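Since the structure is predicted, the reported quantities are computational estimates derived from the model, not experimental observations.
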There are 2 protein chains.
Amino acid sequence: MGHVLDKLDKKILHFISQNARTPFLEIARECNVSGAAIHQRVQKLMQQGVIRSSEFVIDQYKVGYQTCAYIGIVLKSNVEFQDVVNHIKEIPEVVECHYTTGKYAMFIKIYAKDNRHLLRLLLDKLAVIPGVANTETFQLSLEEIFRRQLSVFGEEVNTEQDKN
Amino acid sequence: MGHVLDKLDKKILHFISQNARTPFLEIARECNVSGAAIHQRVQKLMQQGVIRSSEFVIDQYKVGYQTCAYIGIVLKSNVEFQDVVNHIKEIPEVVECHYTTGKYAMFIKIYAKDNRHLLRLLLDKLAVIPGVANTETFQLSLEEIFRRQLSVFGEEVNTEQDKN
DNA sequence: TGTGAAAGCGACCCTAC
DNA sequence: GTAGGGTCGCTTTCACA
């Protein structure tokens, strides 16, 4: 939890969370510090786990995955969560998996090529997992309206100022 | 949306979707092509919109956002979707927004610092948007079990082979 | 922790195929 | 659409403060 981030950390996160290829030297110039400082900060943030990874974001629709759905999963009683998770992990089309409190035990996000594919995933891959009682599907429309990273830093990041 | 991706495209996407800082030259060596080829392919993929962006992924929990929820939104009748979307966009804690078919009109993903914060967002920001009839919240547990990009390319990518 | 310089590479552009 | 070379700029490391 309490990772104390100062303004410089937040500025760095602000930049690199929007464009992973931003040169560290460019960030350094924006922040009026040396390139080495940025480099060291980024390494520390990675070690602390504040930075989880970096990735190019692919448009799933353009590579043939036309359908996306959130699925709430209800488990049978006395089921070991981890067993179910292990099965779910084996389905490559599942891109997120969460525990939830309330109505469902778990919530997953899944991509499929089309509705038929989605149905097959539901029936042949999900429903057959031991422990899964039933599922409810919230099918998302073709167009994702928007998607972004949490811009926690927006307000506090002022690009034209000294480092403190 | 037939963007025809050949094996080389898929290999490239496979690498850069997992680590945005992978040097193109390294990918080139893996694929037995020149660095320039990778560079041009990536540019083309960006122009086509297959690559949407690149980003460092921040661990939200480690920067003080302890709570995450999916929220299904029901709209009043005769409401212009876009008006509602415009209001939702103004809430920085919302990181995804989708249209859905079925029970809800829209589905969003939202981060909050804690339960109180989530409640305030629901009551003070979401519920007051004109056109929003009611919402249903699926609160996600602290620990995200996993999150990954669609590895469409896994099966087809063989790192030790020629380019065709 | 941050700095500055130095060394090693990679990105990018251009020309040729 | 790919290869190769050259230049420029970036990353990374190190001694020092």
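Between the side chain of Ser54(B) and the backbone N or O of Ala20(A) there is at least one donor-acceptor pair closer than 3.5 Å.
Rounded to whole Å, atom C1' of dC10(D) lies 12 Å from atom CD1 of Ile27(A). Following rounding to the nearest Å, Leu8(B) (CG) and dT2(D) (P) show an atom-to-atom distance of 6 Å. In this entry the distance linking NZ of Lys44(B) with C1' of dC12(C) reads 18 Å, nearest Å. Protein atom CD of Glu26(B) is 9 Å distant from nucleotide atom P of dA11(C), rounded to whole Å. Summarising the geometry, the separation between CZ on Phe24(A) and P on dG2(C) is reported as 15 Å, rounded to the nearest angstrom. Taking atom CG on Leu25(A) and atom C1' on dC10(D), their separation rounds to 6 Å, with Å as the unit. Going from atom CD1 of Ile12(B) over to atom C1' of dG1(D) covers 12 Å, rounded to whole Å. Following rounding to the nearest Å, Arg41(A) (CZ) and dT11(D) (P) show an atom-to-atom distance of 17 Å.
Below 30°, between 30° and 60°, or above 60°: for Phe138(A) and Phe138(B) the angle between ring planes is between 30° and 60°, a tilted geometry. In this pair, His98(B) and Tyr70(A) present their aromatic rings perpendicular. The plane angle is above 60°, beyond the 30 to 60° band. Between Tyr61(A) and Tyr111(A), the ring-plane angle classifies as perpendicular under the 30° and 60° cut-offs.
In terms of phosphate contacts, Arg21(B) brings a side-chain nitrogen or oxygen within less than 4.0 Å of OP1 or OP2 of dT11(D). Between His39(B) and the phosphate of dA11(C), there is no side-chain N or O to OP1/OP2 separation shorter than 4.0 Å.
Taking CG of Leu25(A) as the start and CD1 of Ile38(A) as the end, the distance is 9.0 Å to the nearest 0.5 Å.
Projected onto DNA chain C by closest heavy-atom contact, Gly35(A) and Thr22(B) fall at different nucleotides, the more 5' of which corresponds to Gly35(A).
Of the candidates dG4(C), dA11(C), dC13(C), the closest approach to any side-chain atom of Ala36(A) belongs to dG4(C). Each of dT11(D), dA3(D), dT3(C) was ranked by its minimum atom distance to the side chain of Gln40(B); first place goes to dA3(D). Taking only side-chain atoms of Arg29(A), from C-beta outward, the nucleotide of dC14(D), dC10(D), dA11(C) with the closest atom is dC10(D). Distances from the side chain of Ala37(B) to the nucleotides dT11(D), dC12(C), dA3(D) place dA3(D) closest.
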